[in-house]
Amino acid sequence: MLTIAMPKGRIFEEAAALLREAGYKLPPEFDESRKLIIEVPEENMRFFLAKPMDVATYVEHGVADLGIAGKDVLLEEERDVYELIDLKISPCYLAVAGLPNTSIDEVAPKIATKYPSAASAYYRTKGEQVEIIKLNGSIELAPMIGLADRIVDIVSTGRTLKENGLVEYEKIVDITSRLIVNPVSYRMKDQEIGQLVSRLSEIISEKAV
Ligand code: PRP
């Protein structure tokens, strides 16, 4: 039996579609129900539906063998898990954005973000001192209402920035979703995991052509 932590929200649909394309028969309740644990005995699988930011936590603690997590979460959380494959789904990137035509020449400009650790690391590498303000969502509000000079956030279509009159200043890193594994599960369930990895890899390379 494999236990997989799935991220609820925007990655979920693409991740479920990829598993189905790889031949896993996931029941309709997988997409529709509000249950947080879904058993799929026919495939010898069990899924947890978790907050994206928590997926790597479940996998690190070994309550889930595997998880599907955005690279953004992995950069931010730095959990003790192995990254097995790039699923190449939900592409987006982490970027610095703010109000147009503004410079940040203060001593320690304020940076609002859902990714305090990744944002700190980025400015440390650049040798710039900043004040990080942690928010949990709607990050784009911060520069609009004067809470921060810049934001560090995910850009996918760019619509949120545009509709809120913000512009992108720097791209930090490209993001896609990854299949992650608990190191102990990886040793103990190597056959089942190997099979899942090869089925997923096959479908990913087919899609890349
Ligand atoms: C993410 C991100 C941006 C938006 C970017 O937020 O934080 O706000 O998506 O997508 P776009 O470039 O396609 O507009 P999410 O919807 O996950 O919600 P949040 O505000 O709770 O972070």
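Sequence positions, counted from 1, serve as the residue numbers for this chain. In each ligand, atom 1 is the first atom listed, and ligand 1 is the first ligand listed. This one's a predicted model, so the numbers in the text were calculated from it and none came from an experiment.
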CG/Leu99 to CG/Asn164 distance, rounded to the nearest 0.5 angstrom? 10.5 Å
Quiz question: by atom type and distance under 3.5 Å, do the side chains of Thr102 and Arg150 form a donor-acceptor pair? yes
Residue pairs involving residues 91-129 (criterion ring-ring contact (aromatic ring centres under 6.0 Å, His included); sequence neighbours excluded): none
Residue pairs, two or more places apart or on separate chains, that pass ring-ring contact (aromatic ring centres under 6.0 Å, His included) and touch residues 5-25: Phe12-Phe30
For Leu196, which of Glu43, Met45, Gln191 qualifies under side-chain contact (heavy atoms from CB on, under 4.5 Å)? Met45
Output for ligand 1, non-hydrogen cut-off under 4.0 Å, lists Arg10, Lys114, Gly137, Ser138, Glu140, Asp153, Ile154, Val155, Ser156, Thr157, Gly158, Arg159, Thr160
Fellow cluster residues of Met1, listed by chain then number, with links counted only when side-chain atoms sit under 4.5 Å apart: none
